[in-house]
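Notes for the one structure printed next.
The sequence lines fix the lettering, A, B, ..., with proteins before strands; numbering per chain opens at 1.
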Number of protein chains: 2
Amino acid sequence: MLEAKLSDAVILKRLLDSIKELVTDANFDCNEEGLKLQAMDNSHVALVSVKMDADGFVKYRCDRPMPLGVNLGALTKVLKCAKDDDVCTLKAADDADVLNLTYEAKNSDRIAEYDMKLMDIDADQLGIPDTEYDARVTMPAAEFTRICRDLSQLGESVRIEVSKEGVRFASDGEAANGSVLLKQTEAARRKYADYGKDDVEAEGEQEGEAEGSKTKKVKKEKVKKEPGDEDTEMNGAEEDAEEDDGGEFKAKSDDEGDGEEEKSDADEDSSNKKKRKKAPASANGKAAKKSKKKSGDDDDDGSVGGVSIEMNQHVTLTFSLKYLVNFAKSQSLSDTVQLMMSNDVPLLVSYKFGQGHIHYYLAPKIGDE
Amino acid sequence: MLEAKLSDAVILKRLLDSIKELVTDANFDCNEEGLKLQAMDNSHVALVSVKMDADGFVKYRCDRPMPLGVNLGALTKVLKCAKDDDVCTLKAADDADVLNLTYEAKNSDRIAEYDMKLMDIDADQLGIPDTEYDARVTMPAAEFTRICRDLSQLGESVRIEVSKEGVRFASDGEAANGSVLLKQTEAARRKYADYGKDDVEAEGEQEGEAEGSKTKKVKKEKVKKEPGDEDTEMNGAEEDAEEDDGGEFKAKSDDEGDGEEEKSDADEDSSNKKKRKKAPASANGKAAKKSKKKSGDDDDDGSVGGVSIEMNQHVTLTFSLKYLVNFAKSQSLSDTVQLMMSNDVPLLVSYKFGQGHIHYYLAPKIGDE
DNA sequence: TGCTTAGTCT
DNA sequence: AGACTAAGCA
């Protein structure tokens with residue numbers, strides 16, 4: 001059975017708000033590592049991957065892995081019945097066809113309980129490419145939202161060009177062409193120096209979670225895991241942030257060396273194999289920052305303009321703004337967004353929050369389509 | 001002729017916002033007691049009863065009773081032309097076919113005047129049952145609104161179960177079932193201890209006002225009036241809160257004993273005849289509280305969670321959420337709502353505000369309809 | 001974070 | 001035409 005208690009229902013509410021327009025039905029795959037959702041958008045153009053780590057819950061228990069087929073519209077409705085600060089508990093019996101959600105007011109004079117029907121959803125195995133990106137752009141989520149919205153008024157696509165100096169977002173439209181250049185600033189570089197170094201990528205394929213994740217009992221710590229050889233090493237010192245569960249694609253951060261992960265190496269081998277815990281929460285200290293989204297920590301996200309760029313080579317790609325605007329809704333979950341790009345490879349838009357992360361993949365437009 | 005001056009137009013605006021979707025046309029019946037509106041909703045399922053006591057007006061004069069047939073949509077539009085804090089004066093000549101509304105800014109530098117056409121409306125005699133309810137639930141209006149809205153997302157009906165411990169609102173829907181339990185708390189019990197004890201019920205039938213009420217000359221105070229023998233007594237001291245005009249049904253408050261009405265017995269007979277003043281404003285002191293709606297008086301409505309329950313026996317009833325959601329709009333008029341229920345009897349949802357009250361009646365669903 | 005306005009869908 | 005949902009503004 002599954003029992004997951006979240007301290008504030010608002011996290012789940014925001015998560016659903018972020019993806020419910022993109023995906024109508026999806027499986028929440030739960031195992032002892034946490035909850036994971038991967039799905040193509042309704043038109044099969046974009047891919048969404050959400051992960052909520054067990055560590056992010058007040059209480060988390062999952063006896064055995066199981067997929068919870070959920071209609072996201074229905075779940076959104078049910079979540080709307082929760083107050084933002086309600087303690088939210090998700091429960092599902094092992095072969096249940098319902099997901100039970102309990103909302104408790106922090107003062108306990110109100111208890112609401114909902115049972116939502118589950119459905120069987122074909123888990124289309126999603127092949128998330130295991131890519132080492134040539135460019136990683138870290139910037140304030142609000143900036144990204146603004147740019148996408150602005151440019152979407154002009155045209156349907158945006159051309160994103162990454163160079164050492166900065167990122168340019170350009171769109172050509174009927175009535176006007178627009179271009180926004182964000183320069184890399186020292187302040188931004190410093191601010192994001194160790195951001196997302198260990199958990200940015202790594203959407204394991206299903207495979208990873210199916211057996212690998214369960215089998216591992218590993219550390220709850222925030223050590224990043226190696227895509228391939230997680231069980232064996234404990235290079236806690238590396239902050240590359242490879243956190244691919246499946247090993248299908250691993251994220252590369254060109255400049256490691258920050259070494260800010262906590263080492264929980266001790267437990268590495270202890271866990272069977274597959275310790276794909278990327279500590280989203282504590283590792284790199286970003287997760288912590290993110291969680292304060294609305295708090296407006298000035299020195300971190302909001303106040304500093306500019307972007308931080310890490311790259312191996314120039315990248316120029318064109319994307320549908322409609323999707324990017326949609327992705328940008330996750331701004332509610334994090335102050336910071338990262339764009340991972342390589343030429344001719346799907347863009348990865350990543351938002352990390354206290355309890356996990358949400359990744360969006362979007363294939364580039366080719367030629368002048 | 002009628003002349004009624006209200007210190008703040010916002011009261012009327014909120015009142016109209018509350019009922020305009022339920023009722024399209026209705027008579028404002030005015031007599032020296034004040035203004036009253038009673039109407040079935042458009043589908044004749046629910047009944048709305050609004051009362052604004054003469055005392056609640058800065059100035060009130062009604063030479064002889066008359067019905068003002070109003071299209072509520074039109075009145076709403078006209079009221080939108082008033083600023084919330086404008087002093088609003090309603091005037092109608094004895095046989096006028098127009099209602100004159102004057103809006104004066106509090107500093108008098110602006111005077112707006114509108115004439116709205118009146119219409120003849122068949123006053124369907126409304127038979128409001130005179131019921132002694134088995135359960136009375138007093139709770140924050142916002143809580144009631146929230147629950148009705150939440151559950152209306154899931155299903156069409158809500159089952160309300162009242163027990164000593166609390167109230168449960170439950171709804172079953174296609175995608176999910178939901179249940180909200182509000183526990184009775186000591187804080188809530190204290191908060192609402194003397195709430196609505198004297199004016200909760202008592203919608204007189206039309207009849208009452210037509211002849212019976214007029215004949216009485218009684219006090220203007222907050223004494224409840226006797227349906228039958230009004231002209232003779234002036235029991236100003238009782239605060240039972242029977243305020244039925246017609247005598248058809250009288251409101252019962254199980255626990256009276258507050259005794260907080262003011263006695264103005266002296267003037268009872270002095271007035272010609274027809275003094276059916278029920279003083280909603282001052283009696284019991286609740287009216288006063290209510291009027292502060294938006295002010296967020298913590299110790300009164302908003303801050304205290306939980307409900308207060310007074311009951312003779314368990315009650316379980318099922319209602320259409322669509323209507324309850326509609327009723328809940330009156331939250332703009334009061335921080336507190338009371339639900340009065342008996343098995344197999346229409347629910348009474350009552351909101352009291354400084355100038356009067358609004359009562360909604362809704363028949364329960366029987367069986368599994 | 002809440003409210004108001006605009007647009008879309010029923 | 002009305003209601004509901006989503007986006008923008010305060």
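Distance, A:D17 CG to D:dA7 P: 10 Å, rounded to whole Å. Regarding A:E21, its CD atom lies at a distance of 10 Å from the C1' atom of D:dA7, rounded to whole Å. As rounded to whole Å, 15 Å separates atom C1' of C:dT1 from atom NZ of A:K83. Taking atom CD of residue A:Q153 and atom P of nucleotide C:dA6, one finds them 16 Å apart after rounding to whole Å. Distance NZ (B:K329) to P (D:dC4): 9 Å, rounded to an integer number of Å. Rounded to whole angstrom, the span from the NZ atom of A:K322 across to the P atom of D:dA7 amounts to 13 Å. Atom pair B:K13:NZ and C:dT4:C1' shows a separation of 14 Å (rounding to whole Å applied). Atom NZ of B:K77 and atom C1' of D:dA1 are 12 Å apart (whole Å).
Residue A:R149 places none of its side-chain N or O atoms closer than 4.0 Å to OP1 or OP2 of D:dA6.
For B:K106 and B:D8, the salt-bridge test passes: some basic side-chain N is under 4.0 Å from an acidic carboxylate O.
Here the two rings, on B:F327 and B:F144, have centers that are 6.0 Å apart or farther.
Using a 4.0 Å heavy-atom cutoff across all strands shown, A:K20 reaches sugar-phosphate atoms only and no base atom.
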Derivation and outcome, side chain to side chain donor-acceptor pair (under 3.5 Å), residues B:S179 and B:R168 = CA-CA 7 Å; B:S179 157; B:R168 178 182 297 281; 2.5 Å; yes
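A 6.0 Å sphere centred on CD of B:Q153 holds more than 12 heavy atoms belonging to other residues, nucleotides or ligands.
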